[in-house]
Novice: 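Here you go, one structure.
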Amino acid sequence: MNVFINKNIPEAGLLLLKEKGLNLTINPTENILSRKEFIAICQKNDVLLNVGTNNLDEDFFQQCPNLKGIALFSVGFDSVHIPSANSRKIPVGNTPDVLSRATSDVAFLLMQSVARKSFFNHKRILNNDWGSFDPLANLGQELYGKTLGIFGLGRIGFEMAQKCKAAFGMNIIYHNRSRKEDTEKELDAKFVDFETLLAESDVLSVHANYTAENNELFNKNTFAKMKSNSIFINTARGKFHNETDLFEALTNNIIWGAGLDVTNPEPMKQDNPLLSLPNCCVLPHIGSATYEARNGMAVCAAQNVIAVIEGKKMPFCVNEEVYI
């Protein structure tokens, strides 16, 4: 069978695919293919291993009738129109678990960076603005005993909560589509409704899977319900927050700070006003950017591809209903 990989992936995954003797087509350049180029290559292949956020919508599936499976190099699968895949019995696989720690590490890093205004203070050094000691200048806040609110207590949210509890003795509350009583016991966490999450969180960290119904859920109205000392963290998907509203909330002291590893839109333009704020820390979507996590993702994606080739169930399938 023919397999297309639209960007190069770590050797750990490629080796598994090469051992199977598959006919691999790998985009040899770092250039992003146009949609027309991307679809033209997909039309000639049986399985797609997709890296990045190509829009795999109904139009894509209509134009690529030969596809028998899609393996995503990501945990999130919001770029795929699952009903279109389901109607064609096309399994879609992702890469869960292997990047949970790495991504939660970045959320934890951003939380501390915002709390102590570290990005801003680093810029002061670059601008030769070290200054003399001022007891009232550039004050941050401590996180000990504060309340961490998790929006979406999945694998990554669990890792974040565990770190915050161990390091700072933080109280854990969370909002989820459903309660997780075993996890509550393990973290000593409390399930709350969304309004309570907003009102009681000192740090609110987003870790849910993005869906259209949650588009820009964190906006002017929701920021207004948060504590004035609160920190907003988003390492999930940029579409969860409205960036204009976030800027207004940060500049008008509605919330205390924000840390983003994802932006809306993405990539963020270099003149984005959020980048100039002392209370906002932004990273270029590096949540899974460790050797360990990316190798793990490559292996998971390769295993999903191999399962399709061998007529087996994907080990990391997000739409298992196609096998019914």
Novice: Taking the hydrophobic residues Ile, Leu, Val, Met, Phe, Trp and Tyr, and joining any pair whose side-chain heavy atoms are under 4.5 Å apart, which ones share a cluster with Phe120?
Specialist: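 Result for Phe120 is none, singleton.
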Novice: Taking the six-membered ring for Trp, is the centroid-to-centroid distance between Phe151 and Tyr174 below 6.0 Å?
Specialist: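 Here the rings of Tyr174 and Phe151 have centres that are no less than 6.0 Å from each other.
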Novice: In this structure, are over 12 heavy atoms from other groups packed under 6.0 Å from Glu142 atom CD?
Specialist: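 No.
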Novice: Quick check on Asn128: does its CG atom have over 12 non-hydrogen neighbours (other residues, nucleotides or ligands) under 6.0 Å away?
Specialist: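 Check fails, neighbour count at 12 or below.
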Novice: Can you name the side chain to side chain contact (heavy atoms under 4.5 Å, CB included) partners of Glu243, sequence neighbours left out?
Specialist: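 Side chain to side chain contact (heavy atoms under 4.5 Å, CB included) check on Glu243 returns His241, Leu260, Thr263, Asn264, Met268, Asn272, Leu274.
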Novice: Show your reasoning for whether side-chain contact (heavy atoms from CB on, under 4.5 Å) applies to Lys220 and Thr244.
Specialist: CA-CA 9 Å; Lys220 180 179 180 179; Thr244 300; over 6 Å; no
Novice: Below 4.0 angstrom, N of the basic side chain to O of the carboxylate: do Arg179 and Glu184 qualify?
Specialist: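 Judged by the 4.0 Å cut-off on N to carboxylate O distance, Arg179 and Glu184 do form a salt bridge.
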Novice: Short question: side chain of Ser113, backbone of Ser118 - any donor-acceptor pair under 3.5 Å?
Specialist: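 No, because the side chain of Ser113 does not come within donor-acceptor range (under 3.5 Å) of the backbone of Ser118.
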Novice: Contact between Val47 and Ile70 at the side-chain level, heavy atoms closer than 4.5 Å - yes or no?
Specialist: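 Val47 vs Ile70: side chains apart.
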Novice: Show me the donor-acceptor pairs within less than 3.5 Å that the side chains of residues 316-324 make with the rest of the protein, sequence neighbours left out.
Specialist:
residue	atom	partner	partner atom	Å
Asn319	OD1	Val92	N	2.8
Asn319	ND2	Asn86	OD1	2.9
Asn319	ND2	Ile90	O	3.0
Glu321	OE2	Asn86	ND2	2.9
Tyr323	OH	Met314	N	2.9

Novice: Could you tell me whether the side chain of Asn252 and the main chain of Ile254 form a donor-acceptor pair under 3.5 Å?
Specialist: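 No: the side chain of Asn252 does not pair with the backbone of Ile254.
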Novice: Quick check on Arg294: does its CZ atom have over 12 non-hydrogen neighbours (other residues, nucleotides or ligands) under 6.0 Å away?
Specialist: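 Yes.
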Novice: Show your working on side-chain contact (heavy atoms from CB on, under 4.5 Å) between Phe240 and Asn215 and close with a plain yes or no.
Specialist: CA-CA 5 Å; Phe240 271 113; Asn215 187 59; over 6 Å; no
Novice: Do Ile5 and Leu48 have side chains that approach each other closer than 4.5 Å (heavy atoms only, starting at C-beta)?
Specialist: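 Not in contact.
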Novice: For residues Phe77 and Asn50, determine if any side-chain heavy atom of one lies less than 4.5 Å from a side-chain heavy atom of the other.
Specialist: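 Sidechains of Asn50 and Phe77: no contact.
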Novice: Starting at CD of Gln162, measure out to OG of Ser100 and round the result to the nearest 0.5 Å.
Specialist: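 Output value for this atom pair is 11.5 Å.
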Novice: Quick one: are Ile231 and Leu204 in side-chain contact, heavy atoms under 4.5 Å?
Specialist: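 Sidechains of Leu204 and Ile231: no contact.
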Novice: Can you check whether Asp78 reaches Arg237 side chain to side chain, under 4.5 Å on heavy atoms?
Specialist: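 Answer yes - side chains close enough.
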Novice: For atom NZ of Lys117, is the number of surrounding heavy atoms from other residues, nucleotides or ligands below 6.0 Å larger than 12?
Specialist: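 Enclosed: over 12 neighbouring heavy atoms sit under 6.0 Å from NZ of Lys117.
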Novice: Any idea which heavy atoms bring Leu14 and Ile9 closest together, and the distance?
Specialist: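 Residues Leu14 and Ile9, closest heavy atoms: CD1-O, 3.5 Å.
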Novice: Who pairs with Lys18 by salt bridge (charged side-chain N to carboxylate O under 4.0 Å, His left out), at least two apart in sequence or on another chain?
Specialist: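 For Lys18, the residues satisfying salt bridge (charged side-chain N to carboxylate O under 4.0 Å, His left out) (neighbours in sequence not counted) are Glu11.
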Novice: With distance as the sole test, does Asp57 use its side chain to make a donor-acceptor pair with the main-chain N or O of His81 at under 3.5 Å?
Specialist: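 Absent.
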Novice: Compare all side-chain heavy atoms of Leu246 with those of Ile255 and state whether any distance is below 4.5 angstrom.
Specialist: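 Touching, per the 4.5 Å side-chain cut-off.
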Novice: Is a donor on one side and an acceptor on the other found under 3.5 Å between the side chain of Asn214 and the backbone of Leu217?
Specialist: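 Such a contact is absent between Asn214 side chain and Leu217 backbone.
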Novice: Asp245 side chain to Glu248 main-chain N or O, any donor-acceptor pair under 3.5 Å?
Specialist: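 It does not hold such a pair.
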Novice: Please determine whether a side-chain nitrogen of the Lys or Arg among Glu159 and Lys163 lies less than 4.0 Å from a carboxylate oxygen of the Asp or Glu.
Specialist: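 Looking at Lys163 together with Glu159, the answer is yes, because their closest N to O distance falls below 4.0 Å.
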Novice: Please check if atom NZ in Lys123 has more than 12 non-hydrogen atoms from other residues, nucleotides or ligands closer than 6.0 Å.
Specialist: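 Buried by this count: over 12 neighbours within 6.0 Å.
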Novice: Please determine if Arg88 and Glu58 form a salt bridge, counting it only when a charged side-chain N lies under 4.0 Å from a carboxylate O.
Specialist: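 So Arg88 pairs with Glu58 through a salt bridge.
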Novice: Mind checking whether Leu198 and Phe194 have side chains closer than 4.5 Å, heavy atoms only?
Specialist: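 Heavy-atom side-chain distance check passes, below 4.5 Å.
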Novice: Using every non-hydrogen atom in the two residues, find where Pro10 and Phe73 come nearest and quote the distance to one decimal.
Specialist: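 Looking at all heavy atoms of both residues, the shortest contact is CD-CZ, 3.9 Å.
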Novice: Could you list the residues that satisfy side chain to side chain contact (heavy atoms under 4.5 Å, CB included) with Phe133, not counting sequence neighbours?
Specialist: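 Per chain and number, Phe133 pairs via side chain to side chain contact (heavy atoms under 4.5 Å, CB included) with Pro135.
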Novice: With sequence neighbours excluded, what pairs up with Asn253 under the side chain to side chain donor-acceptor pair (under 3.5 Å) test?
Specialist: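 Residues passing side chain to side chain donor-acceptor pair (under 3.5 Å) with Asn253: none at all.
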